[in-house]
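Structure, as structure tokens:
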2 protein chains.
Amino acid sequence: MIRRRRRVTIADVAEVANVSAMTVSRVINNKDAIKPETRQRVMKVIDELDYAPNHIARSLTGSRSYTIGVIVVDIANPFFAEITAGIETVAWQHHYNVILCNTQEDPRRERQVMRMLEAKQVDGVIVCSTRLADDDLPRLLEMFPACLLFNRETTAKDANVVMLADAAGIVRLVEHLEAGGRRRLGMIAGGSRSHSAQARLDGFRSATNGDDALIEHIETAHIHTGFRAAQTLLARQPDLDGLVCHNDLAAVGAMQACMTHGKSVPGDIAVVGCDDIPLASLISPKLTTLRVDRRVLGELIARNLFAHIDGEQPTRRQVIRHQLVIRDSAP
Amino acid sequence: MIRRRRRVTIADVAEVANVSAMTVSRVINNKDAIKPETRQRVMKVIDELDYAPNHIARSLTGSRSYTIGVIVVDIANPFFAEITAGIETVAWQHHYNVILCNTQEDPRRERQVMRMLEAKQVDGVIVCSTRLADDDLPRLLEMFPACLLFNRETTAKDANVVMLADAAGIVRLVEHLEAGGRRRLGMIAGGSRSHSAQARLDGFRSATNGDDALIEHIETAHIHTGFRAAQTLLARQPDLDGLVCHNDLAAVGAMQACMTHGKSVPGDIAVVGCDDIPLASLISPKLTTLRVDRRVLGELIARNLFAHIDGEQPTRRQVIRHQLVIRDSAP
DNA sequence: ACTTCCTATGTTAACGCTAACATTCCTTCT
DNA sequence: AGAAGGAATGTTAGCGTTAACATAGGAAGT
């Protein structure tokens, strides 16, 4: 079915330039000594024939495929889309391409994707928020010459890790609320499967006294789930004066619930979110939240991976702290 | 630098199973006749050695690389991120991977990216909203066995095209406004470089009488640029009772400008946007706008490309219509 | 002049796989 | 029994590139 147009090969160039294939290869790769005159002649032919090296063949002989894999749970999620943008930028700077794999939170698919990437001989993988079990992960990651895990710890050898300091971020939010005089804080916590939800919850527990009656869980964090959770929580704990939410969407819902409950934000109760999505600064009152520059985060992640690929001593474990964004909902 | 662990090859399997490499290849590919007994034996060895075919080598001999390229101007833009998610889903169904390339609106980079993808022997490319000039595009696209252009026409041979019916969508918005009794409509039009901005403007001009005094241009469509443009327009045309905006962000800004101007939405003036971003249904008044299911659009785009790759007669030109989403800002 | 030692280039084989052709060994038919 | 034909498997070569080794030719030293 696929009809590929015949490509110009090194052999073609060699014939026209009247040298051996190896000489052409050397010219292309700037390797060994080549007489300037020969180099020029070869270059001219390359130009005339519009020759470009076949990367597939190169990958077969050489040690590199100049391709990395990026595995995300959902590329349609702006969080991962922006990280991916950052990764792609750095990859391109290193003359690399990115094979993007969306797992849709399915660990089985994640496993298949990894095997496929290995079969395609990628030089490294970046795995964002994997849903794979601890006992599966190391074996899979160790297939790759280099790998980097975002927001997940692992025992795999040679795996670098970049973590968001979710717990620390929530601690800062709590401290900010307490500095503002808030004394009775509740939390709307996220789904149990996700690493960050667990970390944020841990942060809240360690910063407060961790009374479980002050915590309400939601499986997926959206405006309406945040709304309902806040309603439940406020019914149970009417005297709350601060509310920490797993993310901004939940916080938006929670604010609406507070107002429905006759509590003004931030007058009667302060509400904070996490992530600083665009909506956070567009609603009223504007939301106090945590921010990370996700594009820069992606660049940092990619740089860490390429350090590994290039054999430099990469940072085994890097922790990225959130920035506290103070707005009207918790001034 | 890169140390790849030695892979199990067909030769290894062949040796252990005591057959020729070709027989193993046949078993893997379900080709030709194989004695059931032999097949079983080979399968067992494949399983024991955990053999997986090397896709790079396959690509070199075979006609397919089982990889497509997706070129977008900005993957961090949710519009393209969701389309990409749809594309990836379908690609995976076809046992394909996606090389994602972000061009950041730079035509030079786009050209380089295409050459790279060709060198990596992708079986097809999807190009979203290219910024390349008409005289460059065909030559580049014709390098690929299959290609699909989103939101851009071209004279390239064998290029399929999927277009959004932007103009028709705006016409429908205008008709909706007029059906609601609005008589004097203005427009905030988008940047000149983008195809869709041009199409939306054309739609507006053809549906109204196209008085240029009623149109205000912004280079990049954001809330604040929409706000400013609406202010300028309202100062010039105080009696407007309907405002069509290039996209939702601009519309949000425009609504704010209307209110600043003492005009209520939708009482005094109706405002409509385009794209149906999440914010559209979250602000007050909720925004009337045009919607396209972007994930489904991505799936459709990918299916079109794979039809081409698989040699079926693909649809040369497909036009996708928006759906009118009527909300409070223009009921 | 002869060895030595670079510099510039060539030759061969291999990467892992499969297309294309070749061979072997049955079965079936006359 | 011998021919014919199909099923099962093997052999060879090639995809485009580069690593590794081989060779030619010239400059320099003795």
Side-chain angles (χ1 to χ4, degrees), chain A residues 1-43 45-46 49-67 118-121 123 145, chain B residues 1-43 45-46 49-67 118-121 123 145:
Chain A
M1 296 309 157
I2 288 189
R3 253 182 248 163
R4 218 177 278 283
R5 45 173 59 195
R6 192 194 176 288
R7 298 188 99 240
V8 177
T9 69
I10 278 202
D12 300 330
V13 175
E15 199 184 323
V16 176
N18 198 28
V19 291
S20 75
M22 236 2 255
T23 302
V24 177
S25 174
R26 281 189 264 251
V27 169
I28 297 166
N29 298 296
N30 269 316
K31 255 185 168 179
D32 304 336
I34 296 280
K35 215 197 287 184
E37 184 195 310
T38 313
R39 148 166 285 116
Q40 238 179 351
R41 184 155 39 100
V42 171
M43 290 294 248
V45 175
I46 287 180
L49 302 187
D50 195 25
Y51 165 79
N54 180 331
H55 261 267
I56 295 286
R58 269 197 177 164
S59 308
L60 193 58
T61 27
S63 53
R64 293 192 178 210
S65 63
Y66 288 93
T67 307
E118 197 271 339
K120 288 201 174 162
Q121 301 274 77
D123 298 340
Chain B
M1 299 309 158
I2 290 189
R3 254 181 248 163
R4 218 177 278 283
R5 44 173 58 194
R6 192 192 175 290
R7 298 189 98 240
V8 177
T9 69
I10 278 204
D12 299 331
V13 175
E15 198 183 325
V16 177
N18 198 28
V19 291
S20 74
M22 235 5 252
T23 303
V24 178
S25 173
R26 280 190 265 252
V27 169
I28 296 166
N29 298 296
N30 268 317
K31 256 185 168 181
D32 304 337
I34 296 281
K35 215 198 285 184
E37 185 194 309
T38 312
R39 149 166 284 114
Q40 241 180 348
R41 184 157 38 100
V42 171
M43 290 294 247
V45 175
I46 286 179
L49 301 187
D50 195 26
Y51 167 78
N54 180 330
H55 261 267
I56 294 286
R58 267 195 179 165
S59 309
L60 193 57
T61 27
S63 52
R64 292 193 180 210
S65 63
Y66 288 93
T67 308
E118 196 271 338
K120 289 202 173 160
Q121 301 274 76
D123 298 339

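Here is how names work: the chains are called A, B, and so on, in the same order as the sequence lines, proteins then strands, and each is numbered from 1.
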>> What verdict does the side chain to side chain contact (heavy atoms under 4.5 Å, CB included) test give for Ile28(B) and Ile10(B), after you've listed the backbone C-alpha separation in whole Å, the side-chain angles of each residue and the deciding distance to 0.1 Å?
In response: CA-CA 10 Å; Ile28(B) 296 166; Ile10(B) 278 204; 3.9 Å; yes
Need one value for [X]: base, sugar-phosphate or nothing, where a base atom within 4.0 Å counts as base even if backbone is also close, heavy atoms only.
X: Ile10(B); answer: sugar-phosphate
X: Ile56(A); answer: nothing
X: Ser20(A); answer: base
X: Thr38(A); answer: sugar-phosphate

Can you tell me the distance, in whole Å, between the [atom1] atom of [X] and the [atom2] atom of [N]?
X: Met22(B); N: dA19(C); atom1: CE; atom2: P; value: 6 Å
X: Asn54(A); N: dC15(D); atom1: CG; atom2: C1'; value: 9 Å
X: Glu37(B); N: dT9(D); atom1: CD; atom2: P; value: 8 Å
X: Tyr66(A); N: dT17(D); atom1: OH; atom2: C1'; value: 13 Å
X: Tyr51(A); N: dG16(D); atom1: OH; atom2: C1'; value: 7 Å
X: Arg64(A); N: dA19(D); atom1: CZ; atom2: P; value: 13 Å
X: Arg58(B); N: dG16(C); atom1: CZ; atom2: P; value: 14 Å
X: Asp32(B); N: dT23(C); atom1: CG; atom2: C1'; value: 15 Å

>> Tell me whether Arg4(A) contacts the main-chain N or O of Pro145(B) through its side chain, where contact means a donor paired with an acceptor under 3.5 Å.
In response: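 Checked: no pair found.
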> Hey, does the side chain of Lys120(B) reach the backbone of Tyr66(A) with a donor-acceptor pair shorter than 3.5 angstrom?
Replying inline: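 Between the backbone of Tyr66(A) and the side chain of Lys120(B) there is a qualifying donor-acceptor contact (under 3.5 Å).
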>> For Asp123(A) versus Ser63(A), what's the shortest heavy-atom pair and its separation?
In response: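 Looks like OD1-O, 4.1 Å.
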>> Let's see if you can work this out: which of dG16(C), dA8(D), dA8(C) has an atom nearest to the side-chain heavy atoms of Lys35(B)?
In response: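 Taking heavy atoms from C-beta onward, the closest nucleotide is dA8(D).
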>> From the set dT7(C), dT17(D), dT18(C), return the single nucleotide nearest to any side-chain atom of Pro53(A).
In response: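 Taking heavy atoms from C-beta onward, the closest nucleotide is dT17(D).
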For [N], does OP1 or OP2 lie under 4.0 Å from any side-chain N or O of [X]?
X: Thr23(B); N: dG10(D); answer: yes
X: Ser25(B); N: dC17(C); answer: no
X: Asn29(A); N: dT18(D); answer: yes
X: Lys31(B); N: dA19(C); answer: yes
X: Arg26(B); N: dT9(D); answer: no

>> Go nucleotide by nucleotide along DNA chain D from the 5' end; which of Ala21(A) and Ala21(B) gets its closest nucleotide reached first?
In response: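 In this pair, the answer is Ala21(B).
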>> Looking at Met22(A), I'd like to know if its CE atom is crowded, meaning that more than 12 non-hydrogen atoms belonging to other residues, nucleotides or ligands lie closer than 6.0 Å.
In response: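 Yes - once you tally the heavy atoms of other residues, nucleotides and ligands closer than 6.0 Å, there are more than 12.
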